[in-house]
Amino acid sequence: MKLVHVAVAVIERANGDICIAKRADHQHQGGLWEFPGGKVESDETVTQALAREIHEELGVIVLGHYPLISVRYEYPDKHVLLDVHVVNEFEGEPHGKEGQPVIWCPKDQLASYSFPAANKGILNAILLPPYLAVTNELNQPLIDGWGAHFSPKNLMIYLREELNSNNQALVLNLRAQGYRVTVKGADQESGYLHLSSAELLATDDRPDVNWLSASCHNEEEVLKANALNVDFILLSPVNSTPTHPEVLGMGWPRFAELALMAHMPVYALGGIGLDDMGVAKKNGAQGIAGISAFLP
Ligand SMILES: Nc1nc2c([nH]c(=O)n2[C@@H]2O[C@H](COP(=O)(O)OP(=O)(O)OP(=O)(O)O)[C@@H](O)[C@H]2O)c(=O)[nH]1
Ligand SMILES: [Mg+2]
């Protein structure tokens, strides 16, 4: 099937609200809400298509934008490549020039609207932070170090240890401050669950949690994460690491291929540091995950 290339705009106003519109019933995925946008014509760049579509559909002039995520998705009747950009500078107030309902929606309420299936990854990319710290244990100096460098909006934490009497108070305190914290194993109350790549491959149905993440290393695992509707993945190793020098990294070009295959946000992990954020994003990453990179 031919791949339809689409420029999609996540228009964000100063208070953080996002502009969404309702697709007409006769359109593909009709009756569902969408982020405004449309097909990239053969003589256009994505930037040009984005500006044209947003002006045609909403009467808004795009002044500034940056890439958020690219999602390749196969509907039974149509294959799409959604090139999604955050439009953070614009002129004019969006209004439905084609008669479509258009509203501003607070980020934390987006999930209550019905979107096409391909949009789940876009929603997650809007909500998730750029940094993910992976750690084998929690202690106060470590937490203080994070607090000095990252706000709860910018950092998520994965603790590779089950909840126990030593870490519970620290985990709850981090969550109370607004950090998203996933711990190893079942932790129903928080709504977060992380699957190792072995657990991912051995799981047939999506566990009933709000946020499901998984570790992936290759195409088979990325496709399995797609099939399970995993919310975000950690893809590793990008480079070889001092702890596993015998394991070759996949390198950024392969990382980019796998990230494009993934329906969801992808964190780059392995042999990279915090200053690799730019190159990671250029290769399709949501951001950087790290173990030693986040140690004080
Ligand atoms: N604009 C937009 N399209 C989306 C989203 N999610 C998603 O799966 N799509 C799919 O992307 C494809 C192209 O989008 P579109 O129908 O807006 O294209 P267009 O503005 O050029 O419309 P037209 O074909 O009516 O002229 C459609 O098949 C649509 O279902 C989304 O959030 N926004
Ligand atoms: Mg459109």
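Counting from 1, the numbers follow the sequence of the chain as shown. Whatever order the structure lists them in is the order used to number ligands and atoms, beginning at 1.
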Say whether [X] and ligand 1 are in contact under the criterion: heavy-atom distance to a ligand atom below 4.0 Å.
{"X": "Y75", "value": "yes"}
{"X": "L82", "value": "yes"}
{"X": "E56", "value": "no"}

Atoms of ligand 1 less than 4.0 Å from E57 heavy atoms? 20 (O)
Near E53, which atoms of ligand 1 are under 4.0 Å from a heavy atom of that residue? 20 (O), 21 (O)
A student comparing D77, V6, N119 should find that the heavy atom closest to atom 6 (N) of ligand 1 comes from N119
Could you check which of K78, K39, E34, Q27 puts a non-hydrogen atom nearest to atom 26 (O) of ligand 1? K39
Say whether [X], considering both its backbone and side-chain N or O atoms, lies within less than 3.5 Å of an N or O atom on ligand 1.
{"X": "Q29", "answer": "no"}
{"X": "G37", "answer": "yes"}
{"X": "I122", "answer": "no"}

Between R52 and E56, does at least one N-O distance fall below 4.0 Å, as a salt bridge requires? yes
E221/K224 ion pair, N-O < 4.0 Å: no
Can you name the N, O or S atom of E57 that is closest to the Mg ion (ligand 2)? OE2
